Amino acid sequence: RSFRKRSLPDTVLNGIEVYSTKISCKVTSRFAHNVVVTRAVNRADTAKEISFDVELPKTAFITSFTMTIDGVTYPGNIKEKEVAKKQYDKAVSQGKTAGLVKASGRKLEKFTVSVNVAAGSKVTFELIYEELLKRHLGKYEMFLKIQPKQLINHFEIEADIFEPQGISSLDAEATFMTNDLLGVLTKSFSGKKGHVSFKPTLDQQRSCSNCTTSLLNGDFTITYDVNRESPANVQIVNGYFVHFFAPKDLPVVPKNVVFVIDVSGSMYGRKLVQTKEALLKILEDMKEEDYLNFILFSSDVTVWKDTLIKATPENLKEAKDFVKNIQDQGMTNINDGLMRGIKMLNEAREANVIPKRSTSLIIMLTDGEANVGESRVEKIQENVRNAIEGKFPLYNLGFGYNLNYDFLEKMALENHGLARRIYEDSDADLQMQGFYDEVANPLLVDVEVQYPENAIADITQNNYQHFYDGSEIVVAGRLVDQDLNSFTADVKGQGALNDLTFTEEVDVKETEKALKEQKYIFGDFIERLWAYLTIQQLLEKRKNVQGEEKENLTAQALELSLKYHFVTPLTSMVVTKPEDNIEQEAVADKPLEGKPEPITSSYATQYHHQPPAKPYYYVDGD
Amino acid sequence: PHFIIRVPEKEDALCFNINEEPGVVLNLIRDPSTGISISGQIIGEKKVNVKNQKTYFGRLGIVNTRADLKIEVTTQKITLWKGLDQTNFTWMNTVMVKQEGLSLQINRKKNIVVSIGDGVSFVIILHQVWKNLPYHHDFLGLYTVDSHRMSVQTHGLLGQFFHPIDFEVFDVRPGSDPSKPDATMMVKNHKLTVTRGWQKDYRKDPRHGSEVPCWFIHNNGAGLIDGSHTDYIVSDIF
C-alpha cells in the first residue's frame, strides 16, 4: 500500500461512509425473496444527499422499501396507481416528486432513491423484491447487478436456496471476478439446500492496490437446477399448491418453421448482417426431420421455396446460399409476409406434406412498423388471428427500438407465442440464436395439466401449446378442501412418438408436513408464488382483450397486487422522504417493456453524493 | 430366477429355477407370428463368490418387430425405441404412454404394464430392496396376461407353456425335507422326480408376495422344458 495522507478512511466519499451493503436472497422452490440493505452515515459537517440504488430483474416485483433515518422509519406504501398518481400529481405540481424505478438495459430495472441527511446522521435503506425464477435452457438463473459507488466496510451477498426436489447443480460467477475475489466466493450444495456467499474485504474491493474506487462492478449470477428423477413435483403449504413439471429424455417433436424476415431498407447494414449470421447458425442446428422455409418481406413478399422443405443436408446447403444472398430493399409489408407464411403452414398440414406428429411455428423478425400494404395494426392482428386460428404459435422478434412493440407483443400473445426484443448490439445474432434455441426443442405439444375439479380453485394457466426442453411448466392454485388427503394431477401431452399422460399422486398432509419441517422456507411462499404467477398471467391476458373483460382482469390483478404488496404495472409505491424538514413523496412504478425509453445518462449520474444544485425530478416512462 | 407355470386344467402349478451366471441372457418368449419376443438378463447378488448365489432378472427386453418397437426395462430406467427414436423414463414416473400398437403404463416404483397389438399384456414388477442391504439388490419380475392371444408358434422358456400342457403326478412320498414331499411326474414323455413346494407370486403384493403351491422340477427344469435350458441362452436382450 502506498503511504497517503488521509483525513478520512477510504470508505468515506464526499463525506458519506457506507457501512455495509448486504444482499440476502432466499430461494424456496424457485421463488426468490431478495432483501437489499445498505447502511450509511453522513460524516460531513453539512447535510448531504445519500443515494441508494438497486438494479433488479424486470420480472421481479418490489414488495417493500423502507428508509430509516436516525431511528425514524419511512416506509413505502403500495397503492393503486391512480390513487398514487393523484398524490403524485399534486406533488409534481409543487415540484416535489421523483420517479424511483426506471428500465435499465435488457433485463433490469433501476430503483433509486436519494435523501438529504443531516451531518452525523445515519440512514438504513431496505428494499425487498420477489421473483419466480424461470427455468431456461436447463437452469434457473438469479441475476444481481453489483455496482457500489464506493468501497464498503462490509459488503456481502448471501443466497440460501431450498429446493424440495434436491439440487443437482449450483454455480455462481461474476463478471468482475478476479483470482483474489474467487477466494471469498463460496458455493456449496447438498441435498435440498444450496448456499452462495460472497464477502470481499475492503482491500479486495479496491480496483487497484491503492485505489479508493471499487472493483465490484458488473453482474453476479447464480445458476442452479434441481434433480429430476420424477418429471413432476407438487408442493403444498397453507392450502396453496405449486406443481412443477419438466420431463426429460423425451425425443424432440419435429418442427415446421417458417421464418418471416423483414428485409426492408431499414434493415440495411449491420442488422441484416447479424440476421443472416443468426439464420446461418440456426440452419446448422436444424434436424433432418424438420421442415422450413424463408419468407422475406419488404414492399413485396418473396419466398425461398413455394412449399415447406425438409431439412436435408442438401436443402440446408441451398438454404444457406439463399440466406447469404438476402438483400435489403423497399418498405415494410408485415401483413403480406405473415399471411404468406401462415398459408404455407396451413397448406402443408392439409396436404400431409409434413409429419402428422410435428409442430408448426412462425418466427417473424422485423425492425419497423408496417407502412405498405395493410398497415392498420388492428387489421393485421385480425388477419393473422383468423388465419392461424390457434393452430400454431407466432413468435415476434422486434429488432431495435424503432418499432411498435406493443403491436408485435399483442399479436404474438393472441397466437399463443411471445414477443422478444432483439437489442441492437454486437451480440444481436446471438440473441436471435438464443431465442431459437429456446423454441427449437419442443418435447411435448398441446400440454394440459388436469386436477380433480372439486379439489382445487384459482389455478394459474394449465394448458400450454408446447413444452420445450430445458424449460418448466409451473401451475399453482388453492386447495378448496382444507381436509383433503390426496389428489391426483395429470399432465397430458403429445410427444414425438406417443401420447403421454404423466400422473402425480399427491399426499396433501405428507407433502405439507415435509415442507413445514424445513427451516429454510418462508411460511407463505407458495401463496405468494401463486399470487405472483396469477398477477403475471392476468397482466398478460389483459393485453389481448378489450372492454369489460379487460376491466375484470385489471380489477383482479390490482386486487392481488394490493393484497400481496407487489409493485406491478397497476400499482405504485409511494415513498415519503424527509427533505429539508418538508416531507417529499416519490413514486416507484414498474416500467413497461412495450414503451421503452432511451436511457438518459443524466438520470444515472445525478445522484453521486453531490447534492444537485436543485433537486432532480423524474417521471417514469409508463 | 424362478419360473411358475400355472396349469388351470389341473388346478395346479409347476415351477423350476434356472441357475445361470450373471450376465447371461435368456429367451423367455418368442412368437414369430406376432413378432413379439421377450428376453431377460440375469443378475447376481451384490457380493460375488457367495455359495449358492441367488440370481434374478435385472434387465428385460421386449421387441415387436412388426411395429419396429423395442422396450428395455432395467431396475433403474425404462427405455422405449420406435425405430431409432428413443424415449426414456425412470421408475419415479407414473406415466401412460400410448402410440400405435403399444400402450405402456409405468406405475411409479411398482410395475409396468405393457400391452402390445391386440391386447397381449405383460406386467413387469420392480422388486425394490433396501439399498444398503449387503447382498441383494433390486430385480424384476415378468408376468404374462392374456397369453392365449399369442400364436401357437410361441416358444421360449416361458412361451412354450402358453400352450396346454398335460402331466401326471403319482407316487407321492416323503422327501428329504419332511414338509416337502417328493413325487414322480410324467410330463412330455419324461418321468421326473419332483418335489412339492411353494413359490412366490408377486403380482398383487410386490413386497411379500403370495405363496403358490407347485411341483418343483429340479435341474433347471430338465425334462419339463423343451431341450436344455442352455438352448435358451441368447447373445442380447434384443
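Proteins get letters first, then strands, A, B, ... in listed order; numbering begins at 1 in each. The structure displayed is predicted, hence computed values, not measured ones.
- For D481(A), there are no salt bridge (Lys or Arg N to Asp or Glu O under 4.0 Å) partners at least two apart in sequence or on another chain.
- Contacts of L102(B) with chain A are absent, with no heavy-atom separation under 4.5 Å from either backbone or side chain.
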Enumerate the inter-chain donor-acceptor pairs under 3.5 Å for chain A and chain B, one line per pair.
residue	atom	partner	partner atom	Å
E229(A)	O	T90(B)	OG1	2.8
D249(A)	O	N88(B)	N	2.9
N498(A)	ND2	Q99(B)	OE1	2.6
D499(A)	N	K98(B)	O	2.7
D499(A)	O	K98(B)	N	2.8
T501(A)	N	M96(B)	O	2.8
T501(A)	O	M96(B)	N	2.7
T503(A)	N	T94(B)	O	2.6

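- The number of heavy-atom neighbours closer than 6.0 Å to NZ of K139(A), taken from other residues, nucleotides and ligands shown, is 12 or below.
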